[in-house]
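Heads up, the thing below is written out as structure tokens.
Quick caveat: nothing in here was measured; it's all calculated off a predicted structure. Each ligand, and each atom within it, is numbered from 1 in the order the structure gives. Hydrogens, waters and symmetry mates are skipped; everything else that's a heavy atom, side chains included, is used.
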Amino acid sequence: MKKEYLNKFYQKTHAERIEALVSAEIISQEDAVDFKRKLALPDEIANHMIENQITTYELPLGLALNFLIDQKEFIVPMATEEPSVIAAASSAAKIINQSGGFETTIQERTMIGQIALTNISNMNQAEQNILQHVDQIIEKANQAHPSIVKRGGGARSVITRQIEADEQYDSPSFFVIHIHIQTLEAMGANIINTMVEAIKPYLESLTGGTAIMGILSNYATECLATVTCRIPVSLLQKGNFSGEEVRDRIIEACQFAIVDPYRAVTHNKGIMNGIDAVVLASGNDTRAIEAGVHAYATRSGQYRSLSSWTKAENGDLVGMMTLPLPVGAVGGSINIHPTAQFTKQLLGNPTAKELESIIVSVGLGQNFSALKALVTEGIQKGHMGLHAKSLAISAGAKGEQIEVVTQELKQRKNMNLVTAKDILKQLNNK
Ligand code: MEV
């Protein structure tokens, strides 16, 4: 890749950006022709993806630049409707790139399938029976999905949990069996669900209980991705704030999100701005990731910040974050959505673990940019600049008018749709 062609990418016109992708050898000249149509989801595929399909719902897909993750450079595709997200991710990555980039550690990817049983007269006896038959349970689960076993994955271990009856919720006691499954490059929902449904009758016979369901758990606590980054204060100075002040204010901002759930939700929403955009662009399931991540944020018993920002001994700002990230590199819409196939190629056909590294890094970068803006000039200045463009388009500006209206709008005291329409009207009357 000749990444020098991507310099000042944000200042290029749309056509220039596609040309730059060709010059940078990211796409071929042939791919560049009719680029948008080639990446669009054809109706005949969309029609088979869901019931009652009538059209497709489009979102902008953009590229976040400058990411250095585990010493490898990435151009990260992000699908989002929020104007500031890609700019914020790229700007964080540029700073963090200068201090060694993001470092990640990815846990051995293990997914969890749950079977819940009720009507068990003796929980301890049931538990003993299960633990004495772990090998047989694993074998039956694997027999239900031989192809994942052939590829080197499959069911690995079994644990049991006893959940007591809860009068407050009028809930009976549950005896729960977790089966840990390695789904390799896939997120593996179908593999897991096939296995847990297949072993339900066997578990009923071992426990004497009634299996009420078998389903994967999206709380993927055995599929964790951790990222760290380190930023010297020399890279943190902003406006009138010294690097030390910015560092200390970011640390305090994070502490606020650790202790206050009202702030933590917004802080984590900012992290998810980046995470969701990459998860979506990669063809993965955003709802699964959202649900698991927010549950993980409550693991101490209170909803808290997902990230931590602290001061290293030498004064550097150190960021860290661990998230459950059960994404796949194959399967689902990844194999059939032309944009997902393109984004996969753009990321260099990453393994599922590499994709986790990229996603968790984008999340921490997004958080860094948000906090840095919040504790210095505030976010409105940057946001409103980008919002001006959306207003110009909403007002009806087309082609070159968009930039003219945007620039004029930025100078006005009342940056709103009425002003944008006024500016456009004046422009059209010239
Ligand atoms: C806006 O989409 C995200 C932020 O609110 C995140 C944050 O407050 O940390 C800026």
message = With a 4.0 Å cut-off on N to O distance, would you call Asp34 and Arg37 a salt bridge?
response = yes
query = Can you list the ligand 1 atoms lying under 4.0 Å from a non-hydrogen atom of His267?
reply = 9 (O)
ask   = Is Lys3 salt-bridged to Glu25, cutoff N-O under 4.0 Å?
value = no
inquiry  = Quick one, Thr226 and Met321 - any side-chain contact, counting heavy atoms below 4.5 Å?
reply    = no
ask   = Can you tell which part of Val85 has a heavy atom less than 4.0 Å from ligand 1: side chain, backbone, both or neither?
value = neither
query = Which ligand 1 atoms are under 4.0 Å away from a heavy-atom of Asn273?
reply = 1 (C), 2 (O), 3 (C)
query = Considering all heavy atoms of both residues, which atom of Val85 and which atom of Gln366 are nearest to each other, and what is their separation?
reply = O-NE2, 2.9 Å
key: Side-chain heavy-atom pair Glu354, Leu347 within 4.5 angstrom cut-off   = no
inquiry  = Among all protein heavy atoms in this structure, tell me which lies nearest to atom 10 (C) of ligand 1, with the distance rounded to 0.1 Å.
reply    = Ile379 CD1, 3.9 Å
message = Residue-level breakdown please: for Arg263 versus ligand 1, do any non-hydrogen atoms fall below 4.0 Å on the side chain, on the backbone, on both, or on neither?
response = side chain
query = Which atoms of ligand 1 are found less than 4.0 Å from any heavy atom of Glu82?
reply = 1 (C), 2 (O)
task = Would you mind finding which of Thr266, Val265, Asn268, Leu374 brings a heavy atom closest to atom 5 (O) of ligand 1?
result = Thr266
message = Check whether Ser99 reaches the backbone of Arg230 with its side chain - one donor and one acceptor, N or O, closer than 3.5 Å.
response = yes
